[in-house]
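Step one of this worksheet: look at the structure below.
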Amino acid sequence: MSDSLRDQYLIPSQPYYRAVHDEVTLYEAAYSVRMPVMLKGPTGCGKTRFVEYMAWKLQKPLITVACNEDMTASDLVGRFLLDANGTRWQDGPLTVAARIGAICYLDEVVEARQDTTVVIHPLTDHRRVLPLEKKGELVSAHPDFQIVISYNPGYQSLMKDLKQSTKQRFGALDFDYPKPEIEAEIIAHESGIGKDLADKLAQIAQRSRNLKGHGLDEGISTRLLVYAGQLVAKGIDAQAACRMALVRPLTDDPDMRDTLDAAINTYF
Ligand code: ADP
């Protein structure tokens with residue numbers, strides 16, 4: 001039972017991941033001592049893809065949880081459910097990961113309330129246990145279990161941040177949008193468009209990132225560049241593809257849209 005559950009979370013084939021620095025080596029060393037890892041960086045820069053790649057490389061199951069502010073500790077740990085025969089306990093994703101020895105990836109963990117985040121504490125120190133208080137069980141984490149969280153430093157505010165007592169349980173890797181040559185390589189691979197076009201998209205993104213803090217909260221992400229490439233690969237005109245995938249999602253401000261559209265028009 002537990003083996004088939006484990007198999008269900010294995011990554012079946014090699015995900016494409018273009019390493020940018022020494023993150024693969026660092027992560028492998030961290031995993032070998034089961035150090036909890038925090039991936040810091042803006043949205044759409046490759047954090048999720050990196051975890052998928054590492055889980056595949058290490059041949060470990062991966063359980064991903066997208067965190068949000070309505071999430072409770074029970075959503076992570078588990079709860080009693082009512083069914084025809086009475087009550088039945090159902091493990092949450094964190095408990096499943098601890099039992100089967102998965103890498104548990106908590107995406108955008110800062111979105112979760114602090115009282116939710118603290119449930120990971122006993123799993124992230126030498127105890128490596130997860131108390132299921134409602135059930136009266138103490139789960140000892142499987143030796144392969146590891147916890148990984150992602151964190152977007154740009155979104156943090158005084159109201160929303162991880163406590164120091166949470167932060168200081170993790171080793172951290174900085175992620176950012178790769179430099180244009182590498183980003184173009186990623187866009188071309190992911191969308192199937194040619195190098196020339198991919199280069200142009202990467203340069204447009206570069207220009208948008210210079211507007212961060214000057215009217216834009218974030219520049220264009222690698223994810224959006226891949227979307228633009230995919231539209232072009234489907235025969236959409238490059239300007240229209242860029243408007244739909246790069247500009248419209250990013251901002252509602254008419255002046256900023258004009259600025260970005262004008263930048264795109266200089267390339268196509
Ligand atoms: P994040 O988790 O940081 O929000 P993702 O990992 O989902 O972002 O990345 C968004 C998309 O960008 C991926 O689906 C992939 O197509 C592409 N991508 C970004 N960086 C890389 C990379 N280094 N190697 C391969 N693909 C990447």
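Both backbone and side-chain heavy atoms feed into the values below; hydrogens, waters and symmetry mates do not. Start at 1 and go down the list; that is how both ligands and their atoms are numbered.
- Atom 4 (O) of ligand 1 has Gly44 N, 2.7 Å as its closest protein atom, hydrogens excluded (heavy atom only).
- Inter-residue side-chain proximity for Tyr27 and Leu58 is flagged as met; some heavy-atom pair is nearer than 4.5 Å.
- Side-chain contact between Glu108 and Asn152 is present, with heavy atoms from C-beta onward closer than 4.5 Å.
- Annotation: atom 21 (C) of ligand 1 to nearest protein heavy atom, Ile186 CD1, 3.6 Å.
- Annotation: atom 23 (N) of ligand 1 to nearest protein heavy atom, Arg18 O, 2.9 Å.
- Around atom NE2 of His21, no more than 12 heavy atoms belonging to other residues, nucleotides or ligands sit under 6.0 Å away.
- The parts of Tyr16 lying near ligand 1 are both backbone and side chain, judged by heavy-atom distances below 4.0 Å.
- When only non-hydrogen protein atoms are considered, atom 15 (C) of ligand 1 lies nearest to Glu190 OE1, 3.4 Å.
- Annotation: cation-pi geometry not satisfied between Arg6 and Tyr9 (NZ/CZ under 6.0 angstrom from ring centroid, within 45° of ring axis).
- Heavy-atom distances between Gly41 and ligand 1 stay at or above 4.0 Å for every pair.
- Residues Leu94 and Ile147 form a side-chain contact, since some pair of their non-hydrogen atoms from C-beta on lies under 4.5 Å apart.
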task: Please report the C-alpha distance between Phe170 and Tyr151 in whole Å, then the side-chain angles of each, then the deciding distance to 0.1 Å, and finally whether the ring pair (Phe, Tyr, Trp, His ring centres under 6.0 Å) criterion is met.
output: CA-CA 12 Å; Phe170 291 84; Tyr151 177 94; 9.7 Å; no
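- If you check which protein heavy atom lies closest to atom 10 (C) of ligand 1, you get Arg223 CB, 3.6 Å.
- Checking Gln14, Glu28, Glu52 one by one against Lys57, the side chain to side chain donor-acceptor pair (under 3.5 Å) holds for a single residue, Glu28.
- Looking only at heavy atoms of the protein, atom 2 (O) of ligand 1 is closest to Thr48 OG1, 2.5 Å.
- Distance alone, capped at 3.5 Å, is enough to place a donor-acceptor pair between the Lys47 side chain and the Pro42 backbone.
- Of the polar atoms of Cys45, at least one N or O is found under 3.5 Å from an N or O of ligand 1, judged by distance alone.
- Closest to atom 14 (O) of ligand 1, if we only count protein heavy atoms, is Arg49 NH2, 3.2 Å.
- Checked by distance only, ligand 1 and Gly46 come closer than 3.5 Å through their nitrogen or oxygen atoms.
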